Amino acid sequence: MNMKNVRVRFAPSPTGPLHIGGVRTALYNYLFARKHGGKFILRIEDTDQTRFVPGAEEYIIESFDWCGIRFDEGVINGGPFAPYRQSERKSIYRQYAEKLIESGNAYYAFDTPEELNDLRKKQEKEKKTFTYNTVERKRLKNSISLNKKEVDELLEKNTPFVIRFKMPENEMIIMKDLIRGKVEVNTKTLDDKILFKSDGMPTYHLANVVDDHLMEISHVIRGEEWLPSLPLHVMLYRAFNWEAPEFAHLPLLLKPEGSGKLSKRDGDRLGFPVFPLQWKDPVTGEISTGYREEGYFPEAFINMLALLGWNPGDERELFTMDELIEAFSIERVGKSGSKFDPEKAKWFNHQYLIRKSDKELAELFIPVLKEKGVEVKPDAVVKIVGLVKERVNFVHELWDQSYFFFISPAEYDAKAAKKRWRPNSYEQISRLKEIIANIENFSSENIEDVVKKWIDENELGTGAVLNALRLVIVGALKGPHLFDIIALIGKEETLNRIDTGLKILGGKNIS
RNA sequence: GCACCGUUCGUCUAGCCAGGUCAGGACGCCAGGUUUUCAUCCUGGUAACACGGGUUCAAAUCCCGUACGGUGUACCA
């Protein structure tokens, strides 16, 4: 593989939000470019004016920004091959289509969409599929079946036309794919694809080949859905007499349930986001949630995506972007599609979360606390986060694991109370309250020492006393080390919670 | 229908190109241990080469076929 002057591109169509399959394609391109010291280009393929969706391009750019995927050239930052939006390159495509006509590799076709649709329907009834191919083109309305005079007349009268590729009749095309190896197709199974539409815009096939050539793209890394049109693209390079780039077709990301390509429309139906960022459909107003909004860290999201279809060949699973760049290679991309496991995605986030410093997490958690109407000193939040971060996958889950640090129990878990609030609990906890009230050094360790000593001296059951105490302090049998909680909420709050607990729980069980 | 691509534990995957391993790891799940609780953590377990032929002393690995799945088959990308 020629690794000099690596130039790769990601070329989305701005027809809506980018789904994670697209993000992964972009990621692999990015990793490949960085790995080989090449350039990564963002080109917008908006040749279908009817499918334009407002906000889609902005969404795509914001997504990559969030992911930490950076472009060297493209619609964001320009570059030597500007413009990078195909609608702005409109004027350059026609001449290339005409070059192909001149060289006998393409032809004008005047059939209307309606006529072709009718043909399709007719053949469908006969259980056949209509294809505009080497056989059919002879009896359709085009510059092959018509004589030159007829064609000139039609063109002069501004009859709408398209330009089609003239596929050779019977020729073996041998192609190389970096992931799949040799792929062979006979041209007789292919059709005369439209290269240039009657609205004056090129189709994807023409535009992508012309632009990739003009932009000196060295490797085309794209989704497997493009593999069936690879022969056409290879033939186009040949017809232009251009050197073709290397190709790599990435396996698809599949729906987790059943099978099939993950699609934009899958949305929230699946119980996990398929988009990096939240997307609000400009027409229906429908909102699809994104990984960012669900609380995923971009590093975790990228890490998870990178391992979906690629692996380093050893047993490492956690990678920073730089480590991914270092480890990545196209050869280690798998051939088969992958469903992805939402559970494992959470695990990745957990791994990144527990690796963050308590201070960093506290800063992320404080806004959540504010929303809950809780004002606490940042120092305390840092300590609390340190105690509970192992228990959660997301920052927003910290609240569930730590609310009892901030608010005293309003009620007590009924099951826990039944199990742990015994007839003698009231008396034991009342006595314990006096012990705690007299503790001067209110550190977790010291409180633990004093309380355990008291339990020993009075020959009480550690489990019985401490569970009852936890119930009173937390409101349920959960949470981190009890004495850490007590030390953090402080003596006054502890004593208050004991009083409340005794009042509410005490009466119930004494009778 | 036709063309192309694919198929290893439930999921992500290693191993395949250069045949010889009890088919390895991770997530999940289950069990045990640690713990005053829950969670974490530790230990162990669970579970796969789609099927059928062939080549070979030996096949997950090479070849052929079948099945199943996917993609494509638009004046969409």
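For the numbers below, each heavy atom of this structure counts, side chains included, while hydrogens, waters and symmetry mates do not. Everything quoted here is computed from the prediction, not taken from an experiment.
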For A:Glu326, does the CD atom sit with more than 12 other heavy atoms under 6.0 Å from it, leaving out its own atoms?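 Open: at most 12 neighbouring heavy atoms sit under 6.0 Å from CD of A:Glu326.
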What orientation do A:Phe328 and A:Trp310 show, parallel under 30°, tilted 30 to 60°, or perpendicular over 60°?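 A:Phe328 vs A:Trp310 ring planes: tilted.
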From [atom1] of [X] over to [atom2] of [N], roughly how many Å is that when rounded to an integer?
| X | N | atom1 | atom2 | answer |
| --- | --- | --- | --- | --- |
| A:Lys335 | B:G69 | NZ | P | 22 Å |
| A:Glu225 | B:G72 | CD | C1' | 10 Å |
| A:Arg222 | B:U71 | CZ | P | 17 Å |
| A:Lys339 | B:U71 | NZ | C1' | 16 Å |
| A:His249 | B:C5 | NE2 | C1' | 11 Å |
| A:Leu230 | B:U73 | CG | P | 15 Å |
| A:Arg24 | B:C12 | CZ | C1' | 12 Å |
| A:Lys389 | B:C41 | NZ | P | 13 Å |

Quick one: on RNA chain B, does A:Asp199 or A:Thr129 contact a more 5' nucleotide (nearest heavy atom)?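 Closest to the 5' end, via its nearest nucleotide, is A:Thr129.
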Which comes earlier along RNA chain B counting from the 5' end, the contact point of A:Ile354 or that of A:Asp46, where each point is its nearest nucleotide?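 Comparing both residues, the 5'-ward one is A:Ile354.
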Using only heavy-atom distances, determine whether the side chains of [X] and [Y] contain a donor-acceptor pair under 3.5 Å.
| X | Y | result |
| --- | --- | --- |
| A:Asn467 | A:Arg422 | no |
| A:Asn186 | A:Asn170 | yes |
| A:Tyr108 | A:Asn142 | no |

Consider the side chain of [X], meaning its heavy atoms from C-beta on, and name the nucleotide among [options] that approaches it most closely.
| X | options | value |
| --- | --- | --- |
| A:Thr189 | B:A77, B:C4, B:A3 | B:A3 |
| A:Glu224 | B:U7, B:C5, B:C75 | B:C5 |
| A:Leu227 | B:A77, B:G70, B:C4 | B:C4 |
| A:Lys197 | B:A77, B:G6, B:A14 | B:A77 |

What pairs with [X] under salt bridge (charged side-chain N to carboxylate O under 4.0 Å, His left out), at least two apart in sequence or on another chain?
| X | answer |
| --- | --- |
| A:Lys433 | A:Asp499 |
| A:Glu397 | none |
| A:Asp456 | none |

When the [atom1] atoms of [M] and [N] are compared, how many Å lie between them, rounded to an integer?
| N | M | atom1 | answer |
| --- | --- | --- | --- |
| B:U13 | B:C57 | P | 36 Å |
| B:U43 | B:G25 | P | 12 Å |
| B:A47 | B:A26 | C1' | 14 Å |
| B:C42 | B:G65 | C1' | 50 Å |
| B:C17 | B:A59 | P | 14 Å |
| B:G24 | B:G33 | P | 27 Å |
| B:U7 | B:A48 | C1' | 12 Å |
| B:C64 | B:U56 | C1' | 16 Å |

Assign [X] to base, sugar-phosphate, or nothing according to its heavy-atom contacts below 4.0 angstrom with the strands shown.
| X | answer |
| --- | --- |
| A:Val185 | sugar-phosphate |
| A:Val183 | sugar-phosphate |
| A:Asp413 | nothing |
| A:Gly309 | sugar-phosphate |
| A:Ser198 | base |

Tell me whether the side-chain N/O atoms of [X] come closer than 4.0 Å to OP1 or OP2 in [N].
| X | N | result |
| --- | --- | --- |
| A:Lys346 | B:U11 | no |
| A:Ser338 | B:U13 | yes |
| A:Thr47 | B:C76 | no |
| A:Arg332 | B:G15 | yes |

Both distances below 3.5 Å, Watson-Crick or wobble geometry, any strand: find the nucleotide opposite [N].
| N | answer |
| --- | --- |
| B:G10 | B:C27 |
| B:C2 | B:G72 |
| B:G65 | B:C51 |
| B:A18 | none |
| B:U36 | none |

How does protein reach along nucleotides 25-40 of chain B, written 5' to 3' as B (base within reach of a heavy atom under 4.0 Å), S (only sugar-phosphate), or - (no contact)? SBB--------BBBBS
Examine the base of B:G72 for any acceptor or donor lying under 3.5 Å from a partner atom in the side chain of A:Ser229, and report the outcome as yes or no.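 It does not, because no donor-acceptor pair links the side chain of A:Ser229 to the base of B:G72 below 3.5 Å.
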Under the ring pair (Phe, Tyr, Trp, His ring centres under 6.0 Å) test, residues paired with A:Phe301 that sit two or more places apart: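 Once residues adjacent in sequence are excluded, the partners of A:Phe301 under the ring pair (Phe, Tyr, Trp, His ring centres under 6.0 Å) criterion are A:Trp66, A:Tyr291.
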Could you list the donor-acceptor pairs under 3.5 angstrom formed between side-chain atoms of residues 446-455 of chain A and any protein atom two or more places apart in sequence or on another chain?
residue  : atom : partner  : partner atom : Å
A:Glu448 : OE1  : A:His481 : NE2          : 3.0
A:Glu448 : OE2  : A:Lys452 : NZ           : 2.8

